[in-house]
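Chain letters run A, B, ... following the sequence lines, proteins first and then strands; every chain starts at 1.
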Amino acid sequence: MARGLQPVRGTHDLFGDDKRRFDHIVAAARSVAAGYGYAPMATPAFEFTEVFRRTLGETSDIVTKEMYTFASGSGEEVTLRPEGTAPVARALVSGGRLQVLPARLFYDGPMFRRERPQKGRMRQFHQVGIELIGEPSPVGDVEVIAAGARLLERLGLTDSVTLHLHTLGNGASRDRYRTALVAYLDQHRGSLSADSQRRLDRNPLRVLDSKAPEDREVADKAPRLLDHLDSDSAGFFAEVRCQLDALKIGYEIDPLLVRGLDYYMHTTFEFVTDRLGAQGAVLAGGRYDGLTERMGGPSLAGTGWAAGIERLSMLTGDNLPAAPRPVLVARVAEDATTQALRCAEALRDAGVPAELALQGSLKRQLRHADRIGARAAVLLGRRELEAGVVSVRDLDSGEQSEIAIAQLPGHVLEMIDGG
RNA sequence: GCGAGUGUAGCUCAGUGGUUAGAGCACCGGUUUGUGGUACCGGGGGUCGUGGGUUCAAGUCCCAUCACUCGCCCCA
């Protein structure tokens, strides 16, 4: 059984293929983002608590119960970031980087939420995300959605996910709708679940996507946000749909898609899957005009998304490029150290990953070569030293030959090319 | 924060209240003192999550507790 110190609940160690898959997803996201002109950037893993309290909404669950908040040494209250968008907006404002707009930014890194862990949900999890700041047009939303779709395609997940699309409209539309919705729900308060009765008071839109069967009946007949949009909001949404159609990006209008963070408006979207248990969203975002103003800067448009790397990772499965196979350089004779180091460096100069084996019998070293998946082994023993050569063993075919040290990189490269 | 399920070797799991708790895989060694993978032979490894209780006797039954998993809430 496991002994000693344990990892903190909801955190995770990553080894081997799991870590390679993780890195592959980040690399794919960075590459896709670069193709759209999004420049990599990074923000700190923690911020003054105010950054999140001001932007996510006082009543959102993230703010009320999920933040890792603590006092820094100097008495300031700081919080491990629960999401990436607010810090990016803060960084643009505090760094004065608002001269060249729109700003296109890509980030990746850990996020922290103090939730009960379950499938696809950790306390420390990781996201990649893009933000487009200073582009008020619906074309901005189309651009970020297209980038998201392209990333999922690159990861081979197009058939695993569905794009759900909705709009919250502008502030005026949302307020008008909220009034109508609360009036309707109030009439049915008695038939709602306890959770939803609480939602009705705190965040009525949330009743719409409740999973409780008793709520579904009420929610499915509730007034629709789409019927309460003013002409600006309706036109904005129509343009988003029109351009997505033009790009042949398929989507479903999901009138129940309500996002949890206060800063969203107009377009919201989620790429969802049914393969991750209770967690459906793998890449999600929307428009957040005005977020920079809440950080004390000018009011700017904003739109973007974040994707959960762990969730993507669970979906990609074995769909992973082959691991690079190293060459093992075995120092069989004790006094072959210098030759072994030189051979390994020569291989690396040629772009071939090389690993040194110093300990134990040749048998043991070859077994190690097998375990690390080495393509070949370079043997440096008494015989080789005296003859001024190295033995190169092809570990797939078992063929072995002695060659001059100067020929080593070329010989190995040829072997790799041959399979 | 709430609910359910599961905790036995590094991993996956057997184990009817009754000897010294087992298997497969993995690991180590040998067959082979300069040759991996396959095969054969051998070996090491367990406070049965933890603490209490019931019993002549507990891995097994009861209670508590901790951890993990899944779900609710919420969300990437």
Side-chain angles (χ1 to χ4, degrees), chain A residues 1-3 6-12 25 29 56-57 59-67 82-85 108-129 148 161 193-196 198-199 202-203 206 209-212 215 257-261 269-273 276-285 304-315 328 330-333 336 357 360-385 391-400:
Chain A
M1 243 300 106
R3 262 178 288 276
Q6 300 295 302
V8 172
R9 180 197 298 259
T11 66
H12 229 259
I25 289 166
L56 303 184
T59 60
S60 74
D61 270 44
I62 287 182
V63 169
T64 55
K65 65 175 195 185
E66 293 176 3
M67 296 203 304
E83 59 101 39
T85 302
D108 71 277
M111 307 290 165
F112 306 85
R113 293 182 196 172
R114 201 187 156 72
E115 304 179 278
R116 189 107 191 168
Q118 64 190 68
K119 188 183 182 74
R121 198 177 72 182
M122 279 72 72
R123 287 187 168 183
Q124 177 177 336
F125 60 105
H126 299 79
Q127 292 185 329
V128 290
V161 299
S193 67
D195 276 335
S196 282
R198 184 174 51 80
R199 291 187 185 106
R202 278 185 31 185
N203 196 351
R206 280 266 147 217
D209 64 352
S210 168
K211 289 174 192 165
D215 293 338
L257 174 58
V258 181
R259 300 193 47 73
L261 308 181
F269 60 92
E270 289 184 349
F271 286 87
V272 302
T273 179
L276 286 181
Q279 273 64 240
V282 297
L283 185 156
W305 50 252
I309 298 174
E310 288 84 357
R311 290 185 183 180
L312 290 171
S313 193
M314 284 189 283
L315 289 177
L328 187 89
R331 184 195 62 175
V332 182
S361 63
L362 177 58
K363 178 192 182 78
R364 190 187 172 85
Q365 292 176 357
L366 281 173
R367 188 164 56 203
H368 182 67
D370 204 51
R371 283 179 187 167
I372 62 173
R375 178 66 182 81
V378 173
L379 313 182
L380 284 160
R382 183 85 289 121
R383 288 207 301 264
E384 286 82 3
L385 275 188
S391 289
V392 179
R393 184 173 180 82
D394 183 324
L395 291 171
D396 288 351
S397 69
E399 286 167 29
Q400 184 168 325

| Heavy-atom pair of closest approach, residues A/Val161 and A/Phe271 | CG2-CD2, 4.1 Å
Who is the Watson-Crick or G-U wobble partner of [N], with both distances under 3.5 Å?
N	value
B/G34	none
B/C13	B/G22
B/U60	none
B/U69	B/A4
B/C75	none
B/U47	none
B/G42	B/C28
B/U54	none

Atom [atom1] of [X] to atom [atom2] of [N]: distance rounded to whole Å?
X	N	atom1	atom2	value
A/Glu115	B/C70	CD	C1'	15 Å
A/Arg9	B/G49	CZ	C1'	14 Å
A/Met122	B/A76	CE	C1'	9 Å
A/Lys119	B/C70	NZ	P	6 Å
A/Asp195	B/C2	CG	P	14 Å
A/Ile25	B/A76	CD1	P	17 Å
A/Met67	B/G1	CE	C1'	17 Å
A/Gln6	B/U50	CD	C1'	13 Å

| What string of B, S and - do you get for nucleotides 25-36 of chain B, 5' to 3', if B is base contact, S is sugar-phosphate-only contact and - is no contact with any protein heavy atom under 4.0 Å? | --SSS--B-BBB
Work out how far the [atom1] atom of [N] is from that of [M], and round it to whole angstrom.
N	M	atom1	value
B/A23	B/G30	P	23 Å
B/U19	B/G5	C1'	34 Å
B/C68	B/U12	C1'	16 Å
B/U60	B/A9	P	15 Å
B/U16	B/C61	P	9 Å
B/U8	B/C74	P	34 Å
B/G46	B/U20	C1'	13 Å
B/C28	B/G45	P	16 Å

Among [options], which is the nearest nucleotide to the side chain of [X]?
X	options	answer
A/Arg206	B/A76, B/C74, B/C75	B/C75
A/Arg116	B/C74, B/G3, B/A76	B/G3
A/Arg199	B/A76, B/C72, B/C74	B/C74

Verify the distance criterion only: is there a donor paired with an acceptor across the side chains of [X] and [Y] at less than 3.5 Å?
X	Y	result
A/His126	A/Glu310	yes
A/Arg199	A/Ser196	yes
A/Glu384	A/Ser391	yes

May I ask you to decide if [Y]'s main-chain N or O and [X]'s side chain share a donor-acceptor pair within less than 3.5 Å?
X	Y	value
A/Glu270	A/Val272	no
A/Arg123	A/Glu115	yes
A/Arg311	A/Ala281	yes
A/Asp215	A/Ser193	yes

Sugar-phosphate, base or nothing in reach of [X], heavy atoms under 4.0 Å:
X	value
A/Met314	nothing
A/Gly280	nothing
A/Ala284	sugar-phosphate
A/Arg114	nothing

| Does a side-chain heavy-atom distance below 4.5 Å link A/Leu366 with A/Leu395? | yes
| Mind checking whether A/Pro82 and A/Arg113 have side chains closer than 4.5 Å, heavy atoms only? | yes
| request: May I ask you to decide whether A/Arg367 forms a salt bridge with A/Asp370, counting only side-chain N to carboxylate O separations under 4.0 Å? | output: no
| query | Salt-bridged, A/Arg206 to A/Asp195, with N to O below 4.0 Å? | reply | no
| note | RNA chain B nearest-nucleotide lookup for A/Gln127 and A/Pro7: closer to the 5′ end is A/Pro7
Would you tabulate the pairs of protein nitrogen or oxygen atoms and nucleotide nitrogen or oxygen atoms of nucleotides 41-43 of chain B closer than 3.5 angstrom?
none

